[in-house]
Amino acid sequence: MLAALCLLGLFSTEVADTDFWWHLKTGQYIIERHALPVPDPFSYTSQLGAPAYPGEERVRYFNLTHEWLAQALWYLIFRAAGFPGVVLFKALLLAGLCGIAGLLAARRSGSFYWGLAAAGAAAAVAALFSADRPALLTFFFIAVFIWILERGGPLWLLPVLSLVWANAHGGFFLGWVILAAYSADALFARWRGRRAVIDRKLWLAGAVSIAASGLNPSGFRILQILLAYRHSYLNQSLIEWTKPSLWGPPYAFDLLLYAGAAVLLLAWRRVRVADWLLFAAFAAASLAAFRNIILMALLAPVLIAAYFPWRRKLPSLTAPVVVAALVGVLAAGMWRGQFFQLRAALWKFPAGAADWMLAKNISSPMFNTYEYGGYLIWRLWPRERAFIDGRALNESVYRDYVKALGGASAQERQEVLARYGVEVIVANAFEYASGVLYPMVLWLAEPAQSDWQLVYQDPQAMIFLRHMPAGVAALHKTQIPDHLEAECRLHIEKDPELCLCARTLGFLFLRMGDAGRAQRSLALYLANNREPDAEAESAYRRLLAPGR
């Protein structure tokens with residue numbers, strides 16, 4: 001019970017994922033209209049332009065429809081229990097995954113404490129995936145599939161789960177991989193003359209499960225669609241699709257990967273075929289994309305517990321020590337406010353900007369930053385539709401988005417905005433992982449830029465209008481530097497590890513000759529930065545020198 005509470009607390013993080021909001025709005029659309037969101041109702045750009053790669057229209061349809069059941073479920077939970085319900089549902093899914101890893105490890109090792117250790121090891125990686133997304137259902141269903149097949153039943157449940165899984169998330173094909181691994185294991189056991197753990201009912205359950213999983217909006221085209229993903233610049237540019245480091249953060253994944261491989265090699269004579277196949281498949285998937293490393297978090301602790309070559313009798317004090325450790329973890333998490341954050345992190349999103357647009361009845365074509373698209377869909381649709389969001393629907397639009405927001409010339413930026421008829425810009429200023437300040441913001445701040453007027457700003461967002469409606473007054477653009485400082489400071493207060501925005505601002509203000517702002521920004525950066533930065537430290541010392 002203590003371990004379960006620790007897991008639930010660990011995974012009960014505030015709703016902070018930028019994609020959560022468009023999932024929520026899509027679920028509302030499906031529940032209220034009894035229809036899939038095709039064609040896309042939430043963005044006015046998703047159907048524009050020619051396909052940028054073969055199969056883009058098929059990928060777009062898949063992205064709009066493959067999570068419909070999970071999105072509807074998420075919205076029903078939100079409508080019934082608000083953000084606390086959403087947070088707890090997420091926590092239950094991830095805690096369930098870790099709990100199943102622990103149960104499997106305990107079952108195969110014969111040790112309760114190996115089970116606790118396996119659950120904790122799984123949680124060390126799963127904590128990176130505490131975003132409120134339908135992919136959590138895939139992770140959970142993978143664990144349930146393996147648990148059922150390890151126990152030998154109930155096999156009738158697999159087709160039911162396959163049907164639900166195939167309509168909740170596109171990762172359902174991993175169920176095929178698991179079924180294939182256990183079927184091969186049973187076939188090998190029969191070939192070697194040993195009685196298979198699961199008889200031919202397994203093949204029947206597997207065949208019915210695969211057939212049931214084809215009952216989804218995209219049918220059996222999932223592998224074809226995943227291959228088309230590899231041609232998408234937009235998808236490949238997302239951090240979750242990048243390859244993880246073979247020795248670097250997150251270190252828990254690396255340790256589990258290497259330790260799992262080591263115990264399998266040491267015990268190769270008694271390793272089951274299913275274990276070899278699943279480890280090979282999950283390792284390949286994990287090394288292909290960061291988003292898949294949770295697969296190794298589930299499997300590797302179980303294999304380590306099952307095949308670890310040395311066993312020692314635990315001392316009699318093991319139980320009270322483990323209890324004390326779990327109580328300490330639970331107490332520390334509660335005291336720091338890190339456990340059971342039953343709320344949404346609205347500080348990350350343009351809540352005030354959305355309120356202002358609704359109050360002023362703004363409904364003109366909008367340009368928004370990628371990370372704000374989902375929230376603006378949730379708050380402003382159907383009055384306003386987004387330019388872009390996390391659904392990755394249109395490759396050519398994304399490239400135009402990069403031109404407008406990024407390092408394009410002023411003429412090219414103007415051309416993009418004019419081509420889409422943009423009248424409203426809603427933007428934050430930074431990409432926080434890299435600390436990059438979006439060039440569009442500097443362009444909009446130029447005094448000579450008279451086409452766009454600043455009409456709203458708070459620490460989350462700025463709004464610019466091309467044409468001023470009645471009852472709206474322009475703000476002076478000298479407020480933009482204040483906004484940049486406030487936005488960066490707010491993010492560092494909430495997430496101190498992402499402090500590079502302050503470094504960017506420090507050197508920007510230094511180039512502008514604003515020593516006061518430069519000093520404040522560099523001081524904020526150096527107070528939170530954990531790595532040596534000789535350039536920033538030198539610049540800060542010069543600013544502190546007498547006479548400055």
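As a basis for the values below, the full set of heavy atoms in this structure was taken, side chains included, without hydrogen atoms, waters or symmetry mates.
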| field | Glu487 side chain to Tyr432 side chain, donor-acceptor N/O pair below 3.5 angstrom | value | yes
| note | When rounded to the nearest 0.5 Å, the distance separating OH of Tyr53 from CD of Glu56 is 5.0 Å
| request: May I ask you to decide if Ser434's main-chain N or O and Glu431's side chain share a donor-acceptor pair within less than 3.5 Å? | output: yes
| task | Report the residues that fulfil side-chain contact (heavy atoms from CB on, under 4.5 Å) with Lys477, sequence neighbours left out, ordered by chain and then residue number. | result | Gln449, Ile480
| field | Sole residue of Arg133, Lys25, Arg391 in salt bridge (Lys or Arg N to Asp or Glu O under 4.0 Å) with Asp19 | value | Arg133
| note | Those residues at least two apart in sequence (or on a different chain) that pass ring-ring contact (aromatic ring centres under 6.0 Å, His included) with His23 are none
Show me the donor-acceptor pairs, under 3.5 Å and distance only, between side chains in residues 458-468 and residues at least two apart or in other chains.
unit_1	atom_1	unit_2	atom_2	d
Asp458	OD1	Gln460	N	2.9
Asp458	OD1	Ala461	N	2.9
Asp458	OD2	Tyr456	OH	2.6
Gln460	NE2	Trp347	O	3.3
Arg466	NE	Val422	O	3.3
His467	ND1	Glu423	OE1	2.7

| message | Tell me every residue that passes ring-ring contact (aromatic ring centres under 6.0 Å, His included) with Phe139, counting only those two or more places apart in sequence or in another chain. | response | Phe129
| said: Tyr525: which residues meet the side chain to side chain donor-acceptor pair (under 3.5 Å) condition with it, sequence neighbours left out? | reply: Asn529, Asp533
| request: Please confirm whether the backbone N or O of Phe387 pairs with a side-chain atom of Asn368, one donor and one acceptor, at under 3.5 Å? | output: yes
| With ring centroids as reference points, do Tyr401 and Phe367 lie under 6.0 angstrom apart? | yes
| task | Take Arg419 and Asp400 through the salt bridge (charged side-chain N to carboxylate O under 4.0 Å, His left out) test and state the conclusion after the steps. | result | CA-CA 10 Å; Arg419 178 150 41 91; Asp400 284 340; 2.9 Å; yes
| query | How about Ser363 and Asn361: does a side-chain donor come under 3.5 Å of a side-chain acceptor? | reply | no
| field | Asp17 (side chain) donor-acceptor with Ala131 (main chain) under 3.5 angstrom | value | no
| query | Can you name the salt bridge (Lys or Arg N to Asp or Glu O under 4.0 Å) partners of Arg530, sequence neighbours left out? | reply | Glu497
| query | With sequence neighbours excluded, what pairs up with Cys6 under the disulfide bond (SG atoms under 2.5 Å apart) test? | reply | none
Return all side-chain donor-acceptor pairs below 3.5 angstrom for residues 83-100, not counting sequence neighbours, or 'none' if the list is empty.
unit_1	atom_1	unit_2	atom_2	d
Lys90	NZ	Thr13	O	2.6
Lys90	NZ	Thr13	OG1	2.9
Lys90	NZ	Ser130	O	3.3

| Are Arg517 and Asp482 close enough for a salt bridge, meaning some N to O gap below 4.0 Å? | yes
| message | Could you work out, with side chain to side chain donor-acceptor pair (under 3.5 Å) as the rule, every residue matching Asp451, not counting sequence neighbours? | response | Gln414
| request: Please list, chain by chain and in numerical order, all residues satisfying ring-ring contact (aromatic ring centres under 6.0 Å, His included) with Phe507, sequence neighbours excluded. | output: none
| task | Would you please name every residue forming a ring-ring contact (aromatic ring centres under 6.0 Å, His included) with His483, sequence neighbours left out? | result | none
| said: Going by the rule salt bridge (Lys or Arg N to Asp or Glu O under 4.0 Å), which residues pair with Asp355 if we only count those two or more places apart in sequence or in a different chain? | reply: Arg379
| message | Is there a side-chain contact between Tyr370 and Asp389 in this structure, where contact means two heavy atoms from C-beta onward sitting under 4.5 Å apart? | response | no
| field | Side chain proximity check, Asn428 to Pro350, heavy atoms < 4.5 angstrom | value | no
